[in-house]
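All remarks here apply to the structure that follows.
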Amino acid sequence: REQLRMGDRREQLRLIACGETTLTGDPEENERKLMYLRERFAYQYPHPGLQKLYTKTTVSELKIAAMAEKDEAAFHTFEEKEVVPYIPGFRREQEKVSGAVRGNAFHRTMELLDFTYLFTESGLFTGCPNNYEEYRRGLDKNRLQNRLEEFLQRETISLRLTEEYAKAVSLPKILNFLEQELAYRMWRAQEQGLLYREQPFVLGIDAKRLDPDLPEGEKVLIQGIIDVFFIEDGEIVLLDYKTDVIDSLEALWNRYNVQIQYYEEASKKEISTMDISFQIVDKAPSCEGALSTVCLFIVIFSFPNHASYFL
């Protein structure tokens, strides 16, 4: 009944707008109401400079906005896609794994990666080796691969990892990562209680940093999640996992330098007791040099012609 009444009102308004009928009631009262509506619809917001001001955003949104200016091809890979209908699981199995699923699968697997389960409980090591050379000598790739398969199965059974994610992860790429010195350093930090994964942060910055046209004194909250960082010899070592396909390190930097800047700032605020500077570490990372440094590693799991790549 209410829908029918609303339908009648819409039709009446349509006829009035087309001039096919006139308003009923007192003409003076109708004119007064029309004047009121005109004033309301003609209202101008007295602070137009604040119309573009948002109170909270994310590192990902700022990263994508920066890509639109610097790397158009990369920006289009992050554009919001049209919503597609739900696909049942039996039908999804026939579809190619999407980039988003693959990226989420790698991130979730690396978040859950249990060095104790992989290395000591499996009997590969009696404890964390004293140095990377000893770690490399003690690695048995076949046993480690079997243990990694058992780990994925364990996490799937416990429902901490979905079957879709377990199938989307490339075992050779994870194994290749575990052979690197960076994996050993993560394990050593875990043993010392200095490994931190999926760390959320909220950062308050001056709004004029995002748009110079915004007024002075306004703040914007930026939220994000750091994949993993650990503390080593007075330094913060920060890792970020990517599953991009890239052509050059320049392209990689253009995509993520804004994200890196905010991670640097968040790291400084997170551990404010340390005197932190910032540097990008080469693909043969050492983090040697002055103490109290934030060292960033971007771990690429799908770099062309490489199983993994470390910047």
Distance (rounded to the nearest 0.5 Å) between [X] [atom1] and [Y] [atom2]:
| X | Y | atom1 | atom2 | answer |
| --- | --- | --- | --- | --- |
| E218 | K208 | CD | NZ | 10.5 Å |
| N146 | L171 | CG | CG | 10.0 Å |
| E155 | T162 | CD | OG1 | 11.5 Å |
| L113 | L152 | CG | CG | 9.0 Å |
| E149 | R154 | CD | CZ | 15.0 Å |
| D240 | I226 | CG | CD1 | 9.0 Å |

Tell me every residue that passes salt bridge (Lys or Arg N to Asp or Glu O under 4.0 Å) with E111, counting only those two or more places apart in sequence or in another chain.
R108
Listed partners of K141 passing salt bridge (Lys or Arg N to Asp or Glu O under 4.0 Å), at least two apart
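For K141 the salt bridge (Lys or Arg N to Asp or Glu O under 4.0 Å) partners, ignoring immediate neighbours, are E179.
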Run E31 and R38 through salt bridge (charged side-chain N to carboxylate O under 4.0 Å, His left out) and show every step you take.
CA-CA 10 Å; E31 185 62 28; R38 290 192 188 103; 3.8 Å; yes
Do you know the tightest heavy-atom contact between R185 and V237?
NH2-CG2, 3.8 Å
What are the two closest heavy atoms between F115 and Q190, and how far apart are they?
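Here F115 and Q190 meet closest at CD1-OE1, 3.4 Å.
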State, with a plain yes or no, whether a side-chain heavy atom of [X] is found less than 4.5 Å away from one of [Y].
| X | Y | answer |
| --- | --- | --- |
| I222 | Y262 | yes |
| R102 | Y165 | no |
| L195 | F229 | no |
| F230 | L239 | yes |
| M186 | V228 | yes |
| R197 | L112 | no |

Judged by atom type as modelled, is there a donor-acceptor pair below 3.5 Å linking the side chain of [X] to the main-chain atoms of [Y]?
| X | Y | value |
| --- | --- | --- |
| H107 | D227 | no |
| N104 | A100 | yes |
| R147 | Y117 | yes |
| Y184 | N131 | yes |

Is the shortest side-chain N to carboxylate O distance from R188 to E191 below 4.0 Å?
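The answer is no: the pair does not qualify as a salt bridge.
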Evaluate whether atom CD of E28 has more than 12 neighbouring non-hydrogen atoms of other residues, nucleotides or ligands under 6.0 angstrom away.
no
Check this for me: E134, atom CD, are more than 12 non-hydrogen atoms of other residues, nucleotides or ligands nearer than 6.0 Å?
yes
Option among E39, K33, R40 that satisfies the side chain to side chain donor-acceptor pair (under 3.5 Å) test with Y36:
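The passing option is R40.
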Residues clustering with V202 (ILVMFWY side chains joined when closer than 4.5 Å, directly or via others):
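Its cluster mates, by chain and number, are L221.
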Side-chain heavy atoms under 4.5 Å apart, restricted to Ile/Leu/Val/Met/Phe/Trp/Tyr: what other residues fall into the cluster of I225, or is it alone?
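Noted: I225 shares its cluster with no other residue.
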Kindly list each side-chain donor-acceptor pair under 3.5 angstrom involving residues 119-129, sequence neighbours excluded, with atom names and distances?
from : atom 1 : to   : atom 2 : distance (Å)
T120 : OG1    : T116 : O      : 2.9
S122 : OG     : L118 : O      : 2.5
S122 : OG     : F119 : O      : 3.2
S122 : OG     : L124 : N      : 3.4

Would you please indicate yes or no on a ring centroid separation below 6.0 angstrom for Y241 and F106?
no
Can you sort out the partners of Y43 under side chain to side chain donor-acceptor pair (under 3.5 Å), two or more places apart, ordered by chain and number?
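Checked Y43 against side chain to side chain donor-acceptor pair (under 3.5 Å); zero matches.
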